[in-house]
4 protein chains.
Amino acid sequence: MNTFGRNFRITTFGESHGAAVGVIIDGCPPGTPLAESDIQPFLDRRRPGTSPLVSARRETDTVSIVSGIFERTTTGTPIALVVKNEDEQSKDYEELRSLFRPGHADFTYLQKYGIRDHRGGGRSSGRETVGRVAAGAVAMKLLGSRGIRISGKILEVHGRSGAEGIEQEILAAKQAGDSVGGIAEITAAGCPPGLGDPVFGKLDAQIAGAMMGIGAVKGVEIGDGFSVARKSGSENNDPITRAGFTSNHAGGILGGISTGQEIVVRIAVKPTPSIAKPQRTTDIHGNDATISIRGRHDPCIVPRILPVAEAMLALVLVDCMLEQEKYCRGSSP
Amino acid sequence: MNTFGRNFRITTFGESHGAAVGVIIDGCPPGTPLAESDIQPFLDRRRPGTSPLVSARRETDTVSIVSGIFERTTTGTPIALVVKNEDEQSKDYEELRSLFRPGHADFTYLQKYGIRDHRGGGRSSGRETVGRVAAGAVAMKLLGSRGIRISGKILEVHGRSGAEGIEQEILAAKQAGDSVGGIAEITAAGCPPGLGDPVFGKLDAQIAGAMMGIGAVKGVEIGDGFSVARKSGSENNDPITRAGFTSNHAGGILGGISTGQEIVVRIAVKPTPSIAKPQRTTDIHGNDATISIRGRHDPCIVPRILPVAEAMLALVLVDCMLEQEKYCRGSSP
Amino acid sequence: MNTFGRNFRITTFGESHGAAVGVIIDGCPPGTPLAESDIQPFLDRRRPGTSPLVSARRETDTVSIVSGIFERTTTGTPIALVVKNEDEQSKDYEELRSLFRPGHADFTYLQKYGIRDHRGGGRSSGRETVGRVAAGAVAMKLLGSRGIRISGKILEVHGRSGAEGIEQEILAAKQAGDSVGGIAEITAAGCPPGLGDPVFGKLDAQIAGAMMGIGAVKGVEIGDGFSVARKSGSENNDPITRAGFTSNHAGGILGGISTGQEIVVRIAVKPTPSIAKPQRTTDIHGNDATISIRGRHDPCIVPRILPVAEAMLALVLVDCMLEQEKYCRGSSP
Amino acid sequence: MNTFGRNFRITTFGESHGAAVGVIIDGCPPGTPLAESDIQPFLDRRRPGTSPLVSARRETDTVSIVSGIFERTTTGTPIALVVKNEDEQSKDYEELRSLFRPGHADFTYLQKYGIRDHRGGGRSSGRETVGRVAAGAVAMKLLGSRGIRISGKILEVHGRSGAEGIEQEILAAKQAGDSVGGIAEITAAGCPPGLGDPVFGKLDAQIAGAMMGIGAVKGVEIGDGFSVARKSGSENNDPITRAGFTSNHAGGILGGISTGQEIVVRIAVKPTPSIAKPQRTTDIHGNDATISIRGRHDPCIVPRILPVAEAMLALVLVDCMLEQEKYCRGSSP
């Protein structure tokens, strides 16, 4: 399943070492102004090579709109967005042909498919997220026209918070040939009440699935999240007054449906599994081996996951928004 | 969307105060022995009235198989499971006709639908989970035949762990007219490697969506979960040896695909929002009010959520298992 | 797949010889008045035992609304409609345990599932259509509120047209222990332009799938249908004028999208395969045999398929209508 | 909805006058050998400019595999197939900016979307079928490995049959600035019994939807099709013997499930709506006008629809085949 969404459906395609990666957006309403310049800034934020904190791999990641646009406006037909791959240093990956990288999908991929493109992780590569970020940019354009704004920030890395502490932890890990994990928070402001469904399609269920569907994410929480486990109901319930809710422990969602307050999501991101430090592993024949992963990898993936997580939140919200707009209209006599 | 799953699809129906609740299972393979007695024990575990720790509401929750079975064997056609509602003390809910209960979906429901069945939460009531548990029982029968076993336990309540501490916290909350939250862990043993998809259908993404789709769940983590944020890659990667993985920080899933190790999931459950203590709220006309929720509510919902969470994990796994079995066959020449 | 529709989704369940048959409707907009009396007349039209032209099998087919309604109004939650089975003369079917009925699904069912409920065809029985007709009645209520009216009529039976000729052919076939086929036409008036999608979800594609999904239907045509094969473009194109289209060869659909004209569909229905005349067949062990099908069967199934075909057209149209209403809203800034 | 299929899912994209058209195939099993040379011959059959019977528009329609292949073998990841557009004579279409072409989707498109790419029909252009034919070629490779062969032929054009008669009718229509319709038959040999579902997913229902989803198709029939309406049950039922069925009136499908016999489908194709002869129409402001459609159009679209119809049948069958292989495995203990 490489498709996400019911109303604003995206299908991503492409591997890290093929000709291109991209996405087809099906269900984008007609009449929305759209140009490459609406999308490119989001891709620029996720691409590597822009700071000492991230991978030195160089990709310009220039997006082309291949279909779905007429005179710089969406027509309601599928929007194909394509980004050509560059700088494919496949030789970096040659020794990976027969070794499983710990913490990566190499082992499970081979178990699942019986065949594996060893060059850079195939579809489980972070490069697949180019399509998500491109589609998310279109989603944000639709959300923005309705006053919904999405933003994200890094809360902590390796237990340290604050810009300086975070930077120190990442550089120290890079120095040590190791990597570090962290926590990010993504919020949506301006969301109307009524988004999300009460049962399996709960807004928080959709968000949790979307976030955990990003590689390296190992935990998701909404509002007060895991800290609710230590609270009483009288502490945790958000009182309702004429002036609105007086707190937002719920993170903007009650019974799976948005309250109109800010939607608050946090994700736990594991340390990048690709590290230079030697690790124990086996080859594909089951022989014990040691692996030290060369190549230009991110010592901490949180900064580059941030635009992906924002994109996924945007995709969930635009999908729920279109669903709810249908519902509202559907109910009128 | 009241349907869950792609291959083993369940559709639940019914409200807490209607004639019945139930589920249609579509896609259960033919030839599986199945009788009411395979399902009833799971419903007995989730129903109230069985201990001082849970609601005193009395329901026998007797399941009937209405279709899909011939000579005590599944035929491949839709299996309809129905449980009649009993003991509908609607008068308990009369004052709720015009008041929003804090922490409940009352406010958001009305925003979404413009109409609301005020008696007990409608579809966002915990009673909707009867259908999930019944379907989960059928899923577990299929999983069991392949050697997969699911179990769950309460890790802590209101910050206390251990059976005695947990019981004390729940009874104290009940005494105080309040409620408490907690954390539960659900695991699956015997899972083959290869379940789950590498992109949007990651096994952990499906599990996260399934768990967060249970009312009152505010956080989900897989394996080491949020604690990965404080670790380095060299600590967090699970080494691979000829004898298998030497640790399971990943919780049995790499790149969205099962490794063959135990699958480990934890969920954070909020304190039951229905409490006797007076709370600030408004009525549906926007006037400030105070509410004290009478009726027989659970002081802690974690014990009753446990069988629901196990059922949801079973439903995800059986769906992935059928998908993977298709895939394997599909690839053979 | 026992689910039909994307926005107004119905899932039917139940076999001819189980406890009940029924349907879950998911996606019906909230706020629509609905009672059993809106549905019962449609079931009365399809049930047998009402005239010498149809099967003498007696079923009262009384519908119950089990969920989704509050104070006689839809709430937006799943609507479960259940009809109990009666008059299950299973002994009529005992000899069918080991014989394949020609023209029925007995042979293919066993090939597919490896197991078969021999009593009356299981899910391929016409009784499954009870759920479709019940759901179609709800769809028609929604369509009616928007001015869309669906109707159907028999055009010919066994090559004869006109009420008298049709009746004579059916009674003659009954007398002879045989059966006859026919053609029916179903139309929708008052449909707005713009329903349907331009590619795979063409309105006519959805209608064709819906109609051919009714047992015994072997052909579907829209507008002039098969006769277009003998025409030239200058004859077949419908001219457009200020006053609208001057003809309707297209049957109300161009490029898969409704034009606003009457939608015209015709279906070819095969002769009922259950006949008293002896036929060659084999038993399930492959031995040659002769079968003469006793029981109370319809000498012509066209009259009873008519309400089913109307229901299917209603289900397609309500689904497209909800889709289009979403789209319209979605495009507004 | 630009996606077709449940297991072997294709999503087509692109307009006739954009940069490219193409398709994403999601769900193709891993391990299948695949190269551009497997696909190109099918595109060559559907492209114009190859004979006096079809449009003189020149397109080389060269396909590129952009993703999903590693060392000339499918990997189980999405396969993106892209064909660049050439020879876009947009000036041919300039006068169509404000006129509705009779028999085309121009009018309904504008009604639906409120915006329209007037150059060549946008997504309702026949050019969209490039993606279908490319995906169908991959489907046929999978079907071929299981012994299933699909073929198609033209039965009649403008009421004439036989190669010579058909050619004469097409050339006569071309000469007259007019166009003609016809009937084609598509068959599948070697299909195992058991494909298709008994209710909404009947094999014939899926085929009917797939065929009617091709532009210009106005009728679909299976086996004896509309002629069953004039037959009796004793004539129409296919007798079963030890040696198999003795006839195939059913066209290889009973109760929505394949019998193992040849699957026989016929489609009615309307005359190409683009004709040079003057026709009455209006402009987009509602003023009466006359239109004479210049450009290089097919006087009869049946020859070019043939490979599209074969592709659609292949896509339906491969989807059912993967579904059934899942089911079979799923049922084993």
Side-chain angles (χ1 to χ4, degrees), chain A residues 1-2 4 100 102-103 105 108 111-112 123-124 159 178-183 193-194 197-202 204-205 208-209 212-213 218-222 225-226 228-234 236-237 239-242 254-255 257 259 268 270-273 275 277 279-282 286 288, chain B residues 1-2 4 100 102-103 105 108 111-112 123-124 159 178-183 193-194 197-202 204-205 208-209 212-213 218-222 225-226 228-234 236-237 239-242 254-255 257 259 268 270-273 275 277 279-282 286 288:
Chain A
M1 280 300 292
N2 295 280
F4 185 85
F100 296 125
T108 54
Q111 291 288 331
K112 183 176 188 68
R123 286 290 286 166
S124 55
D178 209 333
S179 64
V180 282
I183 295 176
D197 267 9
V199 183
F200 300 116
K202 284 186 170 73
D204 33 358
M212 203 74 99
K218 300 299 287 185
V220 183
E221 50 183 25
I222 306 290
F226 272 84
V228 298
R230 306 191 165 212
K231 298 205 299 180
S232 65
S234 54
N236 190 58
N237 286 347
I240 310 173
T241 70
R242 275 193 301 183
L254 277 176
I257 301 170
T259 63
K270 74 175 184 182
T272 323
I275 56 176
K277 278 194 177 174
Q279 301 178 81
R280 295 168 63 193
T281 189
T282 69
D288 286 324
Chain B
M1 281 300 293
N2 295 280
F4 185 85
F100 296 125
T108 53
Q111 291 287 332
K112 182 175 189 69
R123 286 290 287 167
S124 55
D178 209 335
S179 64
V180 282
I183 295 175
D197 267 9
V199 183
F200 300 116
K202 283 186 169 74
D204 33 358
M212 203 73 99
K218 300 298 287 183
V220 183
E221 51 183 25
I222 305 290
F226 272 85
V228 297
R230 307 191 164 212
K231 298 204 298 182
S232 65
S234 55
N236 190 58
N237 286 348
I240 310 173
T241 70
R242 275 194 299 182
L254 277 177
I257 301 169
T259 63
K270 74 177 184 182
T272 323
I275 56 175
K277 276 193 176 175
Q279 300 178 80
R280 295 167 64 192
T281 190
T282 69
D288 285 326

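Note on naming: letters A, B, ... go to the chains in the order of the sequence lines (proteins, then strands), and numbering restarts at 1 for each one. Remember, predicted model here, so these are calculated numbers, not experimental data.
- Contact record, A:P102 with B:I240: CA-CD1, 4.3 Å, taken as the closest heavy-atom pair.
- If you tally non-hydrogen atom pairs under 4.5 Å between each of A:K231, A:Q111, A:K277 and chain B, the highest count goes to A:K231.
- Checked against side chain to side chain donor-acceptor pair (under 3.5 Å), A:N237 has the following partners two or more places apart in sequence or in another chain: B:Q279.
- Heavy atoms closer than 4.5 Å to chain A are found in the side chain of B:I275, but not in its backbone.
- Here the shortest heavy-atom pairing between B:V220 and A:F226 reads N-CE1, 3.6 Å.
- Not a single side chain to side chain donor-acceptor pair (under 3.5 Å) links A:T108 to another residue, sequence neighbours left out.
- With a threshold of 4.5 angstrom between heavy atoms, B:K202 approaches chain A through side-chain atoms but not through N, CA, C or O.
- Closest of all the heavy-atom pairs between A:G194 and B:K112 is O-NZ, 3.0 Å.
- Closest of all the heavy-atom pairs between A:M212 and B:E221 is CE-CA, 4.4 Å.
- For B:T272, the part sitting under 4.5 Å from any heavy atom of chain A is the backbone (N, CA, C, O) and nothing else.
- By number of non-hydrogen pairs under 4.5 angstrom with chain A, the leading residue of B:G225, B:G159, B:A205 is B:A205.
- Put simply, of B:A208, B:G209, B:A229, B:G181, the one with the most heavy-atom pairs under 4.5 Å next to chain A is B:A229.
- When all heavy atoms are compared, the tightest approach of A:G286 to B:R242 is O-CG, 2.6 Å.
- Interface residue B:K270: backbone and side-chain heavy atoms are both found under 4.5 Å from chain A.
- Only the side chain of B:D178 comes within contact range of chain A, with at least one heavy atom under 4.5 Å from a heavy atom of that chain.
- Both the backbone and the side chain of A:N2 come within contact range of chain B, each with at least one heavy atom under 4.5 Å from a heavy atom of that chain.
- With a threshold of 4.5 angstrom between heavy atoms, B:D204 approaches chain A through its backbone and through its side chain.
- Residue B:S232 comes nearest to A:P271 through the heavy atom pair C-CG, 3.5 Å, listed as atom of the first residue, atom of the second, then distance.
- Residue with the most contacts toward chain A among B:P239, B:S234, B:G255, B:G201: B:S234 (heavy-atom pairs, distance under 4.5 Å).
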